[in-house]
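Take a look at the structure set out below.
If you're wondering where the values come from, they're calculated on a predicted model, not measured in any experiment. Any value given below was found using the heavy atoms of this structure, including those in side chains, with hydrogens, waters and symmetry copies removed. Numbering of ligands and ligand atoms starts at 1, following listing order.
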Amino acid sequence: MTTLFISDLHLSATTPETTSCFIRFMREEAVHADALYVLGDLFEFWVGDDDRSDFAESIRAEFKALTDSGVPCYFTQGNRDFLVGRRFAKQTGVKLLGDETVIDLYGTKAVVLHGDTLCTKDVKYLEFRAKVHQPWLQWVFNRIPMFIKTKIVSKVQSDIKDDKQTKSLDIMDVTQSEVEKVMRDHNVELMIHGHTHRPDVHSFEHQNRVYTRIVLGDWYTQGSVLVFNKNNFDLQQRPFSG
Ligand code: LP5
Ligand code: MN
């Protein structure tokens with residue numbers, strides 16, 4: 001049996017190929033798994049749990065069908081879907097995780113997270129994150145009508161769209177010392193995260209212990225899945241045209 005991890009699908013109504021690949025993955029693959037972990041950025045942007053669009057309804061329906069079939073499903077917010085909340089969880093049966101969660105993977109402890117908080121050199125982003133994570137601000141935002149929230153999000157996105165171009169790839173990658181700190185804090189030798197869109201397996205040694213960091217891939221041109229079972233793991237791709 002296997003546990004599956006995905007992140008950075010960036011699903012939206014404007015990218016139907018990605019959505020089809022995701023739906024196929026949910027119906028044909030996730031349904032046979034021990035558990036599914038979604039480590040953030042499932043959506044291109046999630047404006048709020050009050051989104052009643054056909055697109056939002058169709059994605060919720062996939063999660064509901066999966067959890068109804070008995071597969072536990074866990075969700076960590078990413079920088080694009082930090083407004084996924086309790087209502088989404090209730091409607092879908094998905095369990096919301098905190099920013100960093102230690103899980104037991106067939107006897108191995110692992111810390112799972114989106115990965116944005118590991119990028120400590122991206123100070124401007126972390127300041128922005130701190131602002132939009134303020135509970136009072138989210139409380140207010142969640143009470144604004146959907147059509148106004150959509151306008152606010154578009155305006156902020158267009159205002160900051162050029163900001164990313166000014167940052168180096170190094171700034172937008174994880175900081176190794178932060179990776180080590182998080183693993184040490186949780187006393188684990190395995191970390192799984194997404195966000196950087198640089199799928200890979202990194203190993204390093206510290207005081208005679210070997211540490212592994214698995215980075216999930218995005219779903220821009222194909223599906224990307226970490227398949228984890230008792231004896232091994234594999235970062236795999238799924239073609240869009242199935
Ligand atoms: O996902 P990716 O890789 O493209 O970029 C991320 C970081 N960008 C973001 C931005 C969000 O996707 C866009 C969010 C729109 C939010 C609308 C808010 C509505 C209010 C909600 C209130 C509860 O996450 C990018 C990182 C990159 O990852 C690293 O890979 O660098 O970060 C940025 O580009 C952010 C800028 O550097 C920050 C610019 C400061 C802007 C200040 C505006 C303050 C707005 C406050 C809103 C109330
Ligand atoms: Mn991200």
Side-chain angles (χ1 to χ4, degrees), residues 5-15 18 22 37-51 56 74-88 96-101 112-176 178-179 182 191-200 213-221 223-224 226:
F5 296 83
I6 57 174
S7 73
D8 303 285
L9 291 86
H10 293 224
L11 296 178
S12 93
T14 60
T15 50
T18 318
F22 164 71
Y37 286 83
V38 182
L39 299 186
D41 287 4
L42 172 69
F43 297 106
E44 176 67 7
F45 198 81
W46 186 251
V47 179
D49 289 354
D50 53 333
D51 187 343
Y74 304 93
F75 184 93
T76 298
Q77 297 171 334
N79 56 292
R80 288 164 171 269
D81 44 23
F82 58 88
L83 292 170
V84 166
R86 281 204 290 269
R87 201 190 319 177
F88 180 91
L96 292 185
L97 303 177
D99 283 349
E100 295 170 4
T101 306
V112 299
L113 65 168
H114 178 55
D116 52 338
T117 51
L118 298 169
C119 304
T120 56
K121 289 175 295 232
D122 198 345
V123 175
K124 277 183 90 173
Y125 166 70
L126 289 178
E127 285 172 1
F128 169 78
R129 185 184 192 277
K131 274 197 192 90
V132 296
H133 274 254
Q134 294 174 102
W136 73 265
L137 185 59
Q138 292 194 2
W139 189 91
V140 172
F141 192 75
N142 285 335
R143 276 150 189 83
I144 297 173
M146 181 52 88
F147 78 98
I148 298 178
K149 292 198 290 187
T150 307
K151 284 196 175 136
I152 296 173
V153 169
S154 298
K155 172 83 175 79
V156 176
Q157 280 173 329
S158 104
D159 284 354
I160 68 176
K161 116 175 154 313
D162 295 333
D163 210 61
K164 231 179 97 178
Q165 318 309 327
T166 65
K167 299 178 190 175
S168 69
L169 285 175
D170 178 54
I171 284 179
M172 292 190 289
D173 203 355
V174 302
T175 306
Q176 179 61 20
E178 184 64 16
V179 168
V182 171
M191 170 182 276
I192 303 170
H193 71 84
H195 181 65
T196 60
H197 302 198
R198 301 177 211 197
D200 210 342
R213 176 171 67 92
I214 306 172
V215 189
L216 307 177
D218 63 57
W219 285 51
Y220 283 157
T221 52
S224 187
L226 169 65

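With sequence neighbours excluded, the residues forming a ring-ring contact (aromatic ring centres under 6.0 Å, His included) with Trp219 are Phe25, listed by chain and number. Partners of Tyr37 according to the ring-ring contact (aromatic ring centres under 6.0 Å, His included) rule, which considers only residues two or more places apart in sequence or in another chain, are Phe5, Tyr74.
Under a 4.0 Å criterion applied to the non-hydrogen atoms of His195, ligand 1 contributes the atoms 28 (O), 29 (C), 30 (O). Within ligand 1, counting atoms from 1 as listed, the ones closer than 4.0 Å to a heavy atom of Val132 are 23 (C). Counting atoms of ligand 1 from 1 in the listed order, those under 4.0 Å from a heavy atom of Ile160 are 10 (C), 39 (C), 41 (C). In the vicinity of Lys124, heavy-atom distances shorter than 4.0 Å reach the ligand 1 atoms 37 (O), 38 (C).
A side-chain donor-acceptor contact under 3.5 Å links Asn142 to the backbone of Gln138. Asp41 contributes a side-chain N or O that, together with a main-chain N or O of Asn79, makes up a donor-acceptor pair within less than 3.5 Å. For Arg80 (side chain) and Glu44 (main-chain N/O), a donor-acceptor pair under 3.5 Å exists by modelled atom type. Proximity of a side-chain donor or acceptor of Thr101 to a complementary backbone N or O of Leu97 within less than 3.5 Å is not detected. Side chain of His10 to backbone of Phe43: no donor-acceptor contact under 3.5 angstrom is found. For the pair Asp51 (side chain) and Ala56 (backbone), a donor-acceptor distance under 3.5 Å is absent.
In terms of protein heavy-atom proximity, atom 37 (O) of ligand 1 is closest to Asp163 OD2, 2.6 Å. Scanning the protein for heavy atoms near atom 26 (C) of ligand 1, the closest one is Asp122 OD2, 3.3 Å. In terms of protein heavy-atom proximity, atom 5 (O) of ligand 1 is closest to Lys164 CD, 3.6 Å. When only non-hydrogen protein atoms are considered, atom 46 (C) of ligand 1 lies nearest to Lys131 CD, 4.2 Å. Counting protein heavy atoms only, atom 48 (C) of ligand 1 is closest to Leu137 CD2, 3.8 Å. In this structure, the protein non-hydrogen atom closest to atom 44 (C) of ligand 1 is Phe128 CD1, 4.1 Å. Protein heavy atom at the shortest distance from atom 14 (C) of ligand 1 is Phe45 CE1, 3.6 Å. Ranking protein heavy atoms by distance to atom 7 (C) of ligand 1, first place goes to Tyr125 CD1, 3.6 Å.
The residue from Thr166, Thr120, Val123, Asp122 that alone fulfils the side chain to side chain contact (heavy atoms under 4.5 Å, CB included) condition with Ile171 is Asp122.
Residue pairs meeting the salt bridge (charged side-chain N to carboxylate O under 4.0 Å, His left out) criterion with at least one partner in residues 131-150, sequence neighbours excluded, are Asp50-Lys149.
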Query raised in the report: Should Phe88 and Trp46 be marked as a ring pair (Phe, Tyr, Trp, His ring centres under 6.0 Å) after you check the CA-CA gap, both sets of side-chain angles, and the distance that decides it?
Result: CA-CA 11 Å; Phe88 180 91; Trp46 186 251; 5.5 Å; yes
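Around the Mn ion (ligand 2), protein N, O or S atoms at a distance under 2.8 Å total 4; waters are neither shown nor counted.
Side-chain contact annotation: His197 with Asp8, donor-acceptor N/O pair under 3.5 Å present.
The NE2 atom of His114 sits 9.0 Å away from atom OG1 of Thr117, with the distance rounded to the nearest 0.5 Å.
Between Arg80 and ligand 1, a contact under 3.5 Å exists for at least one N or O pair. Close N/O approach between Asn79 and ligand 1 is found [any backbone or side-chain N/O within under 3.5 Å]. Polar contact with ligand 1: absent for Gln157 (N/O pair, distance under 3.5 Å). Considering backbone and side-chain atoms alike, Gln138 places every N or O at 3.5 Å or more from each N or O of ligand 1.
Side-chain atoms of Val182 and Glu100, non-hydrogen and from C-beta on, do get closer than 4.5 Å to each other. Counting heavy atoms from C-beta on, the side chains of Val179 and Met191 come closer than 4.5 Å.
Judged by the shortest distance from any of its heavy atoms, His133 lies outside the 4.0 Å radius around the atoms of ligand 1.
When non-hydrogen atoms are compared, ligand 1 lies under 4.0 Å from the side chain of Lys167 (C-beta onward) but not from its backbone.
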